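To keep things clear, I will list the structure first and then write my remarks on it.
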There are 2 protein chains.
Amino acid sequence: MTRRARGAGPPTMADVARAAGVSSMTVSRALRRDAAVNEETRAAILDAAERLGYVFDATAASLRARRTDFIAATIPSINNANFADTVRGLTDGLAARGYQVLLGYTNYDMAEEERLVEQLLRRRPEAIVVTGGRHTARTRTLLAKAGIPVVETWDLPDEPIGSVVGFSNADAVEAMVDRFVAAGFRRIAFLGGDAARDTRGTDRRRGFLRAMAKHGLDAARLIAGGTPPISMREGAAAMAALLDRLPDTELVICVSDLAAFGALTECQRRGLAVPETIAIAGFGDYDIAGISVPTLTTIDPFPREIGRRAAELILGLLDGTVTGPRIVAIMPQLRPGGSALLPDADGAGRANAETAQKSPSAP
Amino acid sequence: MTRRARGAGPPTMADVARAAGVSSMTVSRALRRDAAVNEETRAAILDAAERLGYVFDATAASLRARRTDFIAATIPSINNANFADTVRGLTDGLAARGYQVLLGYTNYDMAEEERLVEQLLRRRPEAIVVTGGRHTARTRTLLAKAGIPVVETWDLPDEPIGSVVGFSNADAVEAMVDRFVAAGFRRIAFLGGDAARDTRGTDRRRGFLRAMAKHGLDAARLIAGGTPPISMREGAAAMAALLDRLPDTELVICVSDLAAFGALTECQRRGLAVPETIAIAGFGDYDIAGISVPTLTTIDPFPREIGRRAAELILGLLDGTVTGPRIVAIMPQLRPGGSALLPDADGAGRANAETAQKSPSAP
DNA sequence: ACAGGCTCTGTTATCGATAACAGAAACAGC
DNA sequence: GCTGTTTCTGTTATCGATAACAGAGCCTGT
C-alpha cells in the first residue's frame, strides 16, 4: 500500500519520487537545481512533477531549512503612493533574489503596528522593514529581540533599532522654509494633521516651527486638517479655514502634496490666483505635483529609492557582505513648481550618501 | 542535557513548557486559548513565554495543522488607489478572522502574473484572489487545480475559474456612453492605452466601440496614450494629441480618472473651458474626481466593496457556509461631475446583488 | 459505592521538506 | 591494478508545532 491514497491531498515530493523511480532526496535536489543531479534524471523528475501537478510546499521547506524567504514590511497605509513606491522599490530589489515581501499596513496607528509586527514575526521573516522611527516600547523590544535585520525607513530616528534608510522630515521642511524666507516670504502657514498620529507629519510641522523661530517669524499660522492622513478633501477644507481666518497669508506649506492640491483647488473655487495671491507648497512629489495647474512646489523624498536601498541593505546583511547596522541617509530634494515661486539657486544636494557607522546616531 | 543550549536559536514551545513545568502540548493549548487549560496553568505558561521572549512559529504550526492562514492576492499594481482599496477591503475583512493577506503585483503582465501565482501557491494559501478574468492557460490550470477557493475580481469573465466579484467594464462604459448620447453628445472620443496589456482598459474601450456602433456614431476617435497603465501625464499628452488632430471633439471618455485629470490639465493649460468647450469623463471615482475643478464625471466601481465582498465570500467558502463558486455582481454607478454635464436622471442601480449559480456563466 | 461525565494534562506520531552523512559507480593518475 | 577523486544517489534524523488518543482526578446522580 502506498502511503497516499488517490485524492488524499496534493501530491508530495514522495509521490513525485515514486513516479520518477528515485528517492525524494533526489527530487528535492532536482527541483532546487542542485548541481549534483544527472540531467536525464532531472528531466524525468520534472516531467513526473508536471504530470502529477506537483506544487512545492514552501512551508515544509521553510521549517526544515530554517529559511522562509519572507521579508516582512509594514507601511502606514497602502493607499498612499509614496509608501506604495517604497514597497515597489523593496519588492523589486528582493524578488530577484527569491524573497517574498510580506506586507502589512498600520493605519498610522502604533498599537496596530505592534499587533502587526507581532503577527509578522510569527512567520519567521528573514528581515523586517518598518516605517518611521516611533514605535511602542513593546514593538521596539520585539524587533530588537527578533534576531533578524531591522530597517526603519522614512525617518532618521534618534535611537535606531537596527538599520535605517531615511531622512529627517523636520530638516527637509526647515530647509524649504529657509528657501522661502530667503525669497521674501514672511506670513507663512503650515497645514497639517492635528494628532500625533502621523509622526512624519508632526516632524514636518516641527521643522516648520523651528525654521520660523530661527528666522524670528510668527509661527502661529498652524491649520489642522483633522485626523491624519490628510486627504485632498481635508486639505481643501483646511485651506478654506485658513483663508477665512488669516486671509493675508502669503504662503501655505502643506504636510503633503495631496493636502496641497486640495488647498489649490479651494483657491481655484474662490478665484484666488496661485501663486500670485497666495502660494502653496507640498511634500512628497506625488504624480499630481508635476501635472496640476500650476504644478506644485514640493519636496521629493525619493520613496522608491528608499525601498531600493532598504532591499540592497537587507541583501547585504543577509549574505554577510554588510555587517552590523547601517544608516543610509536619503537627501530629499526641493522641486520648484508653479504654486510657490522660488528664484533659481544652485542645486540642492542630489547625491544620496550611504554611511557606515558604529554608534547609532544620525549622521 | 537539555536539547537546546544557550543561544542555540530562538526558544520553542518545548523551552516554554520546561520553564512552566508542563508538557509542550499544554503550552500549545494555552497559547491557542483552547478552553481545556487550567487558568493558573495558563497564566504560568504565558508568563514563562513572555520571560523567555518566546515567539510562536507559524511555519511549524502551518505544516502540522495543514492551515497557513494565508490568503493570497494579486493585483496589477500596488500604486493604484483603486486596487489598493480592494486590498484594503479584503484585508480588513479577513484580518478580523486571523487571516494574513499575501500580496503580490503583476505590473499588468500576464506572464508575471503566472510567475507570481506559482510562487504564491507554494505558500499553501487557503484561498487566492486574482484581478481580472484574463490569464495565461497555465495560470488558469494552476488556479483550477490548486484545490482552494479562487476569486476573480474587477471583471465578469466568460469562463470563471471559480468565484467572481466584479462587473463588466464594457457594460459600464457602454451605459455611460448611452447617457451621454441621450444628452446630445455625438463627437465622442475614447482615450486609453494602446496595448492589450490592461485587459480592463481594453474592455472599457470595447464598451465604447459597442455603444458608438449601436448609436450609429463614428467610433474612430480613439487616442492611445502609450503602454498601460496610463498616468496623469500620459493622459495630458494624449489629450494634446487629440486636440491637435480632432479639435471638434465634444467629449472625451478616459480609461481612468487619472488620465481624465491629466486631460483636464491639458485643457487648462490651453485655456479651453471644461466642460463648455470640451467635456471629459473618467473611470474609477478616484479621490481626484471629487476635488478637481471642475469635478470629474466618472464611474464608481466600488473598489473597496469588491474587496469586502471577496473577503466575505472566502470566509463563507472556507467555513462551509457557502458551497460552490459564486458570482457576485458589483453594479458600478455613474457619478456626475462638472467635467461633463448630464441632465438629471433617476438613479442608476445602487444595489450590488449577489447571485448563486451552478454553471459558470455571468448572470 | 459505582457508573458516567467533565476537566485537565500527557504521550506518540506526524505534517513535507532538507541537512548531514554515507556509499556506489565511473573515471583519472601513477 | 590500485588509490583517490568526482559524480550521483540514497538513508536517516530532524525542523517545531498539533492531531489523535489516552488517562488521571474529581464531581454528580442514583
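Within every chain, numbering begins at 1; the chains are lettered A, B, ... in the order of the sequence lines, protein sequences first and strands thereafter. These figures come from a predicted structure and were not determined experimentally.
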With a 4.0 Å limit, can you tell me whether [X] has a side-chain N or O closer than that to the phosphate oxygens OP1/OP2 of [N]?
| X | N | answer |
| --- | --- | --- |
| B:Tyr54 | D:dG16 | no |
| B:Arg32 | D:dA19 | yes |
| A:Ser23 | D:dG10 | yes |
| B:Ser28 | D:dA17 | no |

Per-pair distances, 0.1 Å, donor-acceptor, side chain in residues 41-48 of chain B, under 3.5 Å, sequence neighbours excluded:
from	atom 1	to	atom 2	distance (Å)
B:Arg42	NH1	B:Glu39	OE2	2.9
B:Arg42	NH2	B:Asp34	O	3.1
B:Asp47	OD2	B:Arg51	NH1	2.7

In this structure, how many angstroms lie between the [atom2] atom of [N] and the [atom1] atom of [X], rounded?
| X | N | atom1 | atom2 | result |
| --- | --- | --- | --- | --- |
| A:Leu63 | D:dT18 | CG | P | 12 Å |
| A:Arg124 | D:dC15 | CZ | P | 14 Å |
| B:Arg67 | D:dG16 | CZ | C1' | 18 Å |
| A:Asn38 | C:dA25 | CG | P | 15 Å |
| B:Arg122 | C:dG16 | CZ | P | 16 Å |
| A:Ile45 | D:dG10 | CD1 | P | 8 Å |

- Message: How long is the straight-line distance from CD of A:Glu126 back to CG of A:Leu317, given to the nearest 0.5 Å?
- Response: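 Between atom CG of A:Leu317 and atom CD of A:Glu126 there are 12.5 Å.
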- Heavy atoms under 4.0 Å, any strand shown: does B:Thr41 hit a base, just sugar-phosphate, or nothing?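 Since only primed, P, OP1 and OP2 atoms lie under 4.0 Å of B:Thr41, the category is sugar-phosphate.
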- Taking for each residue the nucleotide of DNA chain C bearing the nearest heavy atom, is the 5' side occupied by A:Met13 or by B:Ala36?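 With A:Met13 and B:Ala36 compared, the 5'-side residue is B:Ala36.
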- Query: 5'-most contact on DNA chain C: A:Ser62 or B:Met25, nearest heavy atom basis?
  - Reply: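 Upstream on the strand: B:Met25.
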Could you check which of [options] has an atom nearest any side-chain atom of [X]?
| X | options | result |
| --- | --- | --- |
| A:Phe56 | D:dA17, C:dA17, D:dC8 | C:dA17 |
| B:Arg66 | D:dG10, C:dC15, C:dA19 | C:dC15 |
| A:Arg64 | D:dT11, D:dC15, C:dT9 | D:dC15 |

- Have A:Asn79 and A:Ser77 got a donor and an acceptor in their side chains that come within less than 3.5 Å?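 No, because no side-chain N or O of A:Asn79 sits under 3.5 Å from a partner of the opposite role on A:Ser77.
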- Query: If the sugar-phosphate is the primed atoms plus P, OP1 and OP2 and the base is the rest, what is the B/S/- string for nucleotides 22-28 of chain D, using protein heavy atoms under 4.0 Å?
  - Reply: -------
- Taking it one step at a time, do B:Glu152 and B:Leu143 satisfy side-chain contact (heavy atoms from CB on, under 4.5 Å)? CA-CA 11 Å; B:Glu152 289 172 283; B:Leu143 291 174; over 6 Å; no
Salt-bridged, [X] to [Y], with N to O below 4.0 Å?
| X | Y | value |
| --- | --- | --- |
| B:Glu312 | B:Arg308 | no |
| A:Arg122 | A:Glu118 | no |
| A:Arg134 | A:Glu113 | no |

